[in-house]
Amino acid sequence: MKSDFLNHATEREFLHQCTDTKALDALCASGKPVTAYIGFDCTAPSLHAGSLVSIMLLRLFQKTGHKPIVLMGGGTTKVGDPSGKDEARKYLSDDDIAANMAGIKDVFAKFLTFGDGPTDAVMVNNADWLDELNYITFLRDYGRLFSVNRMLAYESVKQRLDREQPLSFLEFNYSILQAYDFLELARRNNCVLQMGGSDQWGNITGGVDLGRRVEGVSLYGLTTPLLTTASGAKMGKTADGAVWLNENKLSAYDYWQYWRNTEDADVGKFLRLFTELPMDEINRLEALQGNEINEAKKVLADQVTALCHGEDAAKAAAETARKTFEEGTLGEGLPTVEMAKEALDAGIPAFELFKAAGLASSNGEARRLIKGGGGRLNDAAIADETQPITSEDLNADGVIKLSAGKKRHALVKIS
C-alpha cells in the first residue's frame, strides 16, 4: 500500500472488503485530503461498543490526513435497516429520533476533531434531503436504476427471506435510500468513499454503482469485518445488555470493567482496533501468557476508557477496580444506587434490589442469579431471592455492597 490510511487500516485489521483497493490507495496517497463517510442510524439514545470499529476507523482516516463525515440517519431511521435483523425495527416517532440523535452526537466529539478545516470532521443529517423527496419523481429518476433481482441477493434481504421472516416494503427500500445518501454526499461534500461493516457491502456497492450511472463519478466502498468475541458473542453486547458509550447509560467504571474482562484470545485484536498503542507494544502485550495477560487487559481497559470517557475517568475506574479486587475494600467509583430510608427500613426483597442496582436486567434474571448462588450481600451468599434487605445491612461505611458473581458489584446507600 502507498497510503498511510490503508497501510494502517490493514495492519490494524480494519480492512475486510474494498471495491477497488489499488485505485483508492492511489487516491489516498495523492497528497490531497479524501472525504469519506459512515452512517449511524438513530435507533437508541446512545451508540454501543459495537459501533467503535466504525468510530475508530473514522478517527484513523482523519489522523492519516483525510476528512471524515459522520452521517446521522435522521431520515433512514424512519425506514429501518433490515441488516442483521429477523424482524422490523421498532417504529420511532420524529421526536424519538430527534432525542436519540441528540444523545448520540456528543460521542463523536471525543474521537474526532470537528471544524471547517480541510481535514476537520463534519456531521450531517440525511433527513435534510430524504425528507424533501417527491416519491414519484424519486422512483422515476432513481428506482429504475436498481435491479430487484440484485436487491434480493443482498445478504440482509436474503437472510430474512431464507428464515421466512416478513420483510416490509418499507425496509426493502432501505438500500436504495442508503445508495442515494452516497450520491448526495458526493454532490454536496465531494465525498468519494463510504465505509461500514461487512453487512453493509450490498448497500455500499449500490451507492458506488448509482454514482457511476447518474453522475459518472468514481466512488469507492470499504468494509470492516463484523466483530464477534472469541466465544462467538456479538461485540458490544453482554448478558446484561448493551455496552453503551454514553456515561448516562453506562458508568465509566462498568465500561472499564467490560474491557478488563476481555477474553484472552481477543486481547491482541482489541488492542489493534480500539487503541492507538504502537504495534510493537501491542505485539508484546498480545504475547503475554498466563496471569500476565491480565496486565494487557488492564492496559486495554485504560486506553479504551480514556478515549471514550477521558484519562481521569479511566484512572479512577482502574483505581476502583484495584481497591475492590486486589485490596478487598470498597472503591469510590463503584456504581451506586440511592434508596429512600423508609424503603430500606421496611425491607426490600433481594431480587428487587439487585434489579434496581443494575446487577440484573429484570426481576426474573435477578431471581435466577440469586437462586444459582451468584448473589452476595456484603460478600456473604444470599440464600433466598426474597430475603429482605434492610437498613440494618448497612456496613460501617454506611453502604450495602451487592455482588453478582466475582466481578460485578454495586453499592446501595440511603438518599
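Quick note: residue numbers are just sequence positions, from 1.
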Undergrad: Going by side chain to side chain donor-acceptor pair (under 3.5 Å), name the pairs with one or both residues in residues 57-75, residues two or more places apart or in two chains.
TA: R59-E276
Undergrad: With side chain to side chain contact (heavy atoms under 4.5 Å, CB included) as the test, would you mind laying out the steps for L402 and F354 before giving the verdict?
TA: CA-CA 7 Å; L402 302 178; F354 268 71; 3.8 Å; yes
Undergrad: Run the salt-bridge test on D302 and K315 with the 4.0 Å N-O cut-off and return the result as yes or no.
TA: no
Undergrad: Between V208 and Y220, is the side chain to side chain contact (heavy atoms under 4.5 Å, CB included) condition met? List the steps.
TA: CA-CA 6 Å; V208 171; Y220 304 91; 5.6 Å; no
Undergrad: How long is the span from the CD1 atom in I55 to the CZ atom in F40, to the nearest 0.5 Å?
TA: 5.0 Å
Undergrad: Before accepting this row, confirm whether a basic side-chain N of the pair K22/D25 lies closer than 4.0 Å to the acidic partner's carboxylate O.
TA: no
Undergrad: When rounded to the nearest 0.5 angstrom, what is the spacing between CH2 in W129 and CG in L183?
TA: 10.0 Å
Undergrad: Give, for atom CG of L24 and atom OG1 of T19, the distance between the pair rounded to the nearest 0.5 Å.
TA: 7.0 Å
Undergrad: For the backbone of F351 and the side chain of R367, can you confirm whether one donor and one acceptor N or O come within less than 3.5 Å of each other?
TA: no
Undergrad: Start with the C-alpha gap between D379 and R376, add the side-chain angles, then the distance that decides, and say whether salt bridge (charged side-chain N to carboxylate O under 4.0 Å, His left out) holds.
TA: CA-CA 5 Å; D379 296 322; R376 302 181 77 82; 5.3 Å; no
Undergrad: Atom CG in L353, atom OG1 in T390: separation rounded to 0.5 Å?
TA: 10.5 Å
Undergrad: Check whether any side-chain heavy atom of F138 sits under 4.5 Å from a side-chain heavy atom of L177, and report yes or no.
TA: yes
Undergrad: Find out whether V299 and T275 are in side-chain contact, i.e. whether some heavy atom of one side chain is under 4.5 Å from a heavy atom of the other.
TA: no
Undergrad: Ignoring hydrogens and angles, tell me if any N or O in the side chain of K2 forms a donor-acceptor pair with the backbone of A26 under 3.5 Å.
TA: no
Undergrad: Go through Y180 and L130 one step at a time and tell me if the side chain to side chain contact (heavy atoms under 4.5 Å, CB included) criterion holds.
TA: CA-CA 9 Å; Y180 185 71; L130 294 181; 3.8 Å; yes
Undergrad: Please determine, by modelled atom types, if H16 and T224 share a side-chain donor-acceptor pair under 3.5 angstrom.
TA: no
Undergrad: Is it the case that over 12 heavy atoms from other parts of the model lie below 6.0 angstrom from the CD atom of E392?
TA: no
Undergrad: Write down the atom of R150, the atom of T205, and the distance for their closest heavy-atom approach.
TA: NH2-OG1, 3.3 Å
Undergrad: Taking only residues two or more places apart in sequence, or in another chain, which ones meet Y174 in a ring-ring contact (aromatic ring centres under 6.0 Å, His included)?
TA: none
Undergrad: For the residue pair C191 and F182, establish whether any side-chain heavy-atom pair is separated by less than 4.5 Å.
TA: yes
Undergrad: Does L377 offer a backbone N or O that forms a donor-acceptor pair with the side chain of D393 under 3.5 Å?
TA: no
Undergrad: Counting neighbours of CG on D162 that are heavy atoms of other residues, nucleotides or ligands and sit closer than 6.0 Å, is the number greater than 12?
TA: yes
Undergrad: Looking at every heavy atom in both A179 and F146, which two are closest together, and how far apart are they?
TA: CB-CZ, 3.6 Å
Undergrad: To the nearest 0.5 angstrom, please state how far the NZ atom of K297 sits from the CG atom of L288.
TA: 11.5 Å
Undergrad: Check whether any side-chain heavy atom of V70 sits under 4.5 Å from a side-chain heavy atom of F114, and report yes or no.
TA: yes
Undergrad: What pair of heavy atoms forms the shortest contact from G74 to M101, and how long is it?
TA: CA-CE, 3.6 Å
Undergrad: Please answer whether the main-chain N or O of D266 pairs with a side-chain N or O of T262 as donor and acceptor at a distance below 3.5 Å.
TA: no
Undergrad: Do L273 and M56 come within less than 4.5 Å of each other through their side chains, counting heavy atoms only?
TA: no
Undergrad: State, to 0.1 Å, how close C42 and I97 come at their nearest heavy-atom pair, and which atoms those are.
TA: CB-O, 4.0 Å
Undergrad: Answer yes or no: is there an ion pair linking R368 with E365, defined by an N-O contact shorter than 4.0 Å?
TA: no
Undergrad: Only counting residues at least two apart or in another chain, list the ones meeting salt bridge (Lys or Arg N to Asp or Glu O under 4.0 Å) with E13.
TA: R272
Undergrad: Just by distance, no angles: are the side chains of S168 and E171 close enough, under 3.5 Å, to form a donor-acceptor pair?
TA: yes
Undergrad: Which residues pass the salt bridge (Lys or Arg N to Asp or Glu O under 4.0 Å) test with D94, not counting sequence neighbours?
TA: K78
Undergrad: Please determine whether the number of non-hydrogen atoms from other residues, nucleotides or ligands lying under 6.0 Å from atom CD of E11 exceeds 12.
TA: yes
Undergrad: Can you list every pair that meets side chain to side chain donor-acceptor pair (under 3.5 Å) and has a residue in residues 104-125, with sequence neighbours left out?
TA: none
Undergrad: Rounded to the nearest 0.5 Å, what separates atom NZ in K341 from atom CG in D345?
TA: 3.5 Å
Undergrad: Considering only heavy atoms from C-beta outward, does the side chain of F270 approach that of Q303 to under 4.5 Å?
TA: no
Undergrad: Determine yes or no for a side-chain-to-main-chain donor-acceptor pair under 3.5 angstrom, with S46 supplying the side chain and W244 the backbone.
TA: no
Undergrad: For residues 31-39, which side-chain N or O atoms pair as donor and acceptor with protein atoms under 3.5 Å away, sequence neighbours left out?
TA:
{"unit_1": "Y37", "atom_1": "OH", "unit_2": "Q194", "atom_2": "OE1", "d": "3.2"}
{"unit_1": "Y37", "atom_1": "OH", "unit_2": "Q194", "atom_2": "NE2", "d": "3.1"}

Undergrad: Distance only, no hydrogens: is a donor on one side chain within 3.5 Å (strictly under) of an acceptor on the other, for N126 and T76?
TA: yes
Undergrad: Applying side chain to side chain contact (heavy atoms under 4.5 Å, CB included) to L277 and L285, what does each step give before you reach the verdict?
TA: CA-CA 10 Å; L277 291 173; L285 291 168; 4.1 Å; yes
Undergrad: Without hydrogens or angle criteria, can the side chains of T43 and D41 be said to hold a donor-acceptor pair below 3.5 Å?
TA: no
Undergrad: Please report the closest heavy-atom contact between V412 and L394, naming both atoms and the distance.
TA: O-CD2, 4.2 Å
Undergrad: Are any non-hydrogen side-chain atoms of V148 and L152 less than 4.5 angstrom apart?
TA: yes
Undergrad: Looking only at non-hydrogen atoms, find the nearest pair between G221 and I204 and report the distance.
TA: CA-CG2, 3.5 Å
Undergrad: Does L222 reach the side chain of F14, with side-chain heavy atoms less than 4.5 Å apart?
TA: no
Undergrad: Judged by atom type as modelled, is there a donor-acceptor pair below 3.5 Å linking the side chain of N190 to the main-chain atoms of A186?
TA: no
Undergrad: Does the pair K355/E352 count as a salt bridge with the N-to-O cut at 4.0 Å?
TA: no
Undergrad: Assess whether side-chain hydrogen bond (donor to acceptor under 3.5 Å, both in side chains) is satisfied between D384 and T386, documenting all intermediate values.
TA: CA-CA 5 Å; D384 186 344; T386 62; 2.9 Å; yes
